[in-house]
Amino acid sequence: MKAVYPGTFDPITMGHKDLIIRASKIFDVLIVGVALNLQKNPLFSIDKRISFLEKVTDNIRNVTVDHFDGLLVDFAVKHGTNIILKGIRAMTDFEYEFQMAQINQNLNKEIQTLFLVTNQKYSFLSSGAVKEVAINRGSIKSLVPDEVHDEIVSCFRNGMF
Ligand code: PNS
């Protein structure tokens, strides 16, 4: 079975990595879909967000990274799957995700959205929190994967933003 796991990943967090690892043990193939999502005004470029994900998933043989602009349901169809995988941290996530799942169902009735509950170690964590801490020069060591930690920190230190 194949699934797509979409997100803005601005940037990838430990919560994302944990979910990707768990999902890679459930599905035969997992496509991580990095949304261009310009309306969300991402801090990191699409190339950087993809490159962080590629580094983190490099040694997971059934995970690939792709990007998309446009509708998620079309991205899923392009990859030959009807399964969209999402992570849920709390009830607040659920309300939003529930609505998205129904919109996607409306757009394409074949599409099924499945939810994985976030590891409780990371239920507080979001890309927004990572940016907030890093911008204020706090440590993000335990918040982002080791493989990309130094590069993310250097983006903030070198005044890239
Ligand atoms: O990590 P995020 O920011 O919560 O991910 C949001 C994402 C990329 C899953 C969402 O913005 C999305 O699906 N974008 C593609 C456009 C789309 O298909 N929207 C759903 C119908 S409104």
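Read the numbers this way: they start at 1 and go in the same order the structure lists the ligands and their atoms. Below, each value reflects all heavy atoms present in this structure, side chains not excepted, and no hydrogens, waters or symmetry copies.
Side-chain atoms of Asn82 come within 3.5 Å of backbone atoms of Glu110 as a donor-acceptor pair (strictly under, hydrogens ignored).
If you number the atoms of ligand 1 from 1 as listed, the ones under 4.0 Å from a heavy atom of Lys40 come out as 2 (P), 3 (O), 4 (O). Contact atoms of ligand 1 toward Phe68: 15 (C) (distance under 4.0 Å to a heavy atom of the residue).
Note on ligand 1: Phe75 sits outside its first shell, no heavy atom being nearer than 4.0 Å.
Proximity of atom 12 (C) of ligand 1 to the protein is not indicated, since no non-hydrogen protein atom lies closer than 4.0 angstrom. Remark: atom 5 (O) of ligand 1 lies closer than 4.0 Å to at least one protein heavy atom.
The line from CD1 of Ile88 to CG of Leu114 is 11.5 Å long, rounded to the nearest 0.5 Å. With rounding to the nearest 0.5 Å, the separation of OG1 in Thr13 from CD1 in Ile140 is 11.0 Å.
Across the listed options Ala35, Ser127, Gly70, Gly70 owns the non-hydrogen atom lying nearest to atom 16 (C) of ligand 1. Counting heavy atoms only, Asn37 comes closest to atom 7 (C) of ligand 1 of the residues Leu72, Asn37, Val73, Val34.
With hydrogens left out, the protein atom closest to atom 20 (C) of ligand 1 is Asn104 OD1, 3.6 Å, a heavy atom. Ile103 CG2, 3.9 Å is the protein heavy atom nearest to atom 22 (S) of ligand 1. Closest to atom 1 (O) of ligand 1 among all protein heavy atoms lies Thr8 N, 3.0 Å. In this structure, the protein non-hydrogen atom closest to atom 19 (N) of ligand 1 is Leu71 CD2, 4.5 Å.
With salt bridges taken as basic N to acidic carboxylate O contacts below 4.0 Å, one links Lys131 and Asp10. A salt bridge links Lys78 to Asp66: at least one charged side-chain nitrogen sits closer than 4.0 Å to a carboxylate oxygen.
No more than 12 heavy atoms of other residues, nucleotides or ligands sit less than 6.0 Å from atom NE2 of His67. No more than 12 heavy-atom neighbours from other residues, nucleotides or ligands sit within 6.0 angstrom of CD on Glu95.
Among the atoms of Lys86, none of the N or O lies under 3.5 angstrom from an N or O of ligand 1.
Side-chain atoms of Asn37 and Gln39 form a donor-acceptor pair, as typed in the model, at a separation below 3.5 Å.
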